[in-house]
Amino acid sequence: MATTRTAHTVWNGNLIEGNGVVAFDSSGIGDQPVTWASRAEQANGRTSPEELIAAAHSSCFSMALSHALTGAGTPPTRLETKADVGFQPGEGITGIHLTVRGEVPGLDAQGFASAAEDAKKNCPVSQALAGTTITLTAELA
């Protein structure tokens with residue numbers, strides 16, 4: 001069954017001095033403030049489009065890797081994935097680096113790295129971000 005998830009943002013004012021609120025409509029997990037400063041300078045308790053992309057990418061990648069490992073007969077005990085999304089004002093998103101550390105009984109480091117590379121290439125968020133350079137570090141715990 002196909003699904004659609006929805007969020008919306010209300011922005012007030014100009015780019016530099018304005019502010020907005022991102023609402024997570026589908027999940028109802030709450031509203032998050034967003035400003036240009038939280039994107040280009042310090043977060044100071046507010047989110048940014050890049051942080052939202054990082055959250056989407058780290059969770060999607062973790063799901064894809066877990067699914068692939070389980071399908072190969074080596075289900076993970078734990079996966080911890082971090083996504084670092086770089087942003088340069090005037091240039092845009094400069095790249096994404098995924099770092100995954102896994103506990104996978106019965107799998108060696110090379111097998112884990114190979115499965116992680118496949119998940120990086122095949123997770124739906126990676127595919128949606130195909131115009132962006134995505135790098136990966138994968139290691140077993």
Look up atom OG1 in Thr35 and atom CD in Gln42, then write down how far apart they are to the nearest 0.5 Å. 11.0 Å
Considering all heavy atoms, the nearest Pro105-Pro75 contact: CD-O, 3.9 Å
Applied to residues 56-66, the side-chain hydrogen bond (donor to acceptor under 3.5 Å, both in side chains) test, sequence neighbours excluded, yields His57-Ser126, Ser62-Thr81
Measuring from atom CG of Leu98 to atom CG of Leu65, what distance do you get when rounded to the nearest 0.5 angstrom? 10.5 Å
Heavy-atom count around Glu103 CD within 6.0 Å, excluding the residue itself: above 12? yes
Distance check, rounded to the nearest 0.5 Å: Leu69 atom CG versus Asp118 atom CG? 10.0 Å
So do Leu79 and Phe112 actually touch side chain to side chain, heavy atoms under 4.5 Å? yes
Which heavy atom of Ala116 sits nearest a heavy atom of Phe61, and at what distance? O-CE1, 3.3 Å
Could you see if Met63 belongs to whatever hydrophobic cluster contains Val125? Use Ile, Leu, Val, Met, Phe, Trp, Tyr and a side-chain cutoff under 4.5 Å. no
Listed pairs under 3.5 Å, donor-acceptor, residues 14-24 side chains, sequence neighbours left out:
residue	atom	partner	partner atom	Å
Asn14	OD1	Ile16	N	3.2
Asn14	OD1	Glu17	N	2.7

Spell out, yes or no, whether Ile93 and Leu129 are grouped together once hydrophobic residues are joined by side-chain heavy atoms under 4.5 Å, including indirect joins. yes
How close do Pro33 and Gly45 get, counting heavy atoms only, and between which atoms? CG-O, 4.0 Å
Closest non-hydrogen atom pair, Val34 against Pro49: CG2-CD, 4.3 Å
For the side chain of Thr137 and the backbone of Thr99, is there at least one donor-acceptor N/O pair under 3.5 Å apart? no
Before you tell me yes or no, could you show the steps for Val100 and Glu80 under side chain to side chain contact (heavy atoms under 4.5 Å, CB included), namely the whole-Å CA-CA distance, both residues' side-chain angles and the distance that decides it to 0.1 Å? CA-CA 6 Å; Val100 61; Glu80 184 175 337; over 6 Å; no
Residues two or more places apart in sequence or in another chain: which of them pass side-chain contact (heavy atoms from CB on, under 4.5 Å) with Glu91? Gln88, Thr94
Looking only at non-hydrogen atoms, find the nearest pair between Ser38 and Ser48 and report the distance. O-CB, 3.9 Å
Which atoms form the tightest heavy-atom contact between Thr4 and Ser26, and what is the distance? O-OG, 4.2 Å
How many angstroms lie between atom CD of Gln32 and atom CZ of Arg46, to the nearest 0.5 angstrom? 11.5 Å
Atom CD of Gln110 with >12 non-hydrogen neighbours under 6.0 angstrom: no
Quick one: pull up CZ in Arg101 and NZ in Lys82 and give me the separation to the nearest 0.5 Å. 13.0 Å
Gap separating the OG1 atom of Thr133 from the NE2 atom of His97, nearest 0.5 angstrom: 12.5 Å
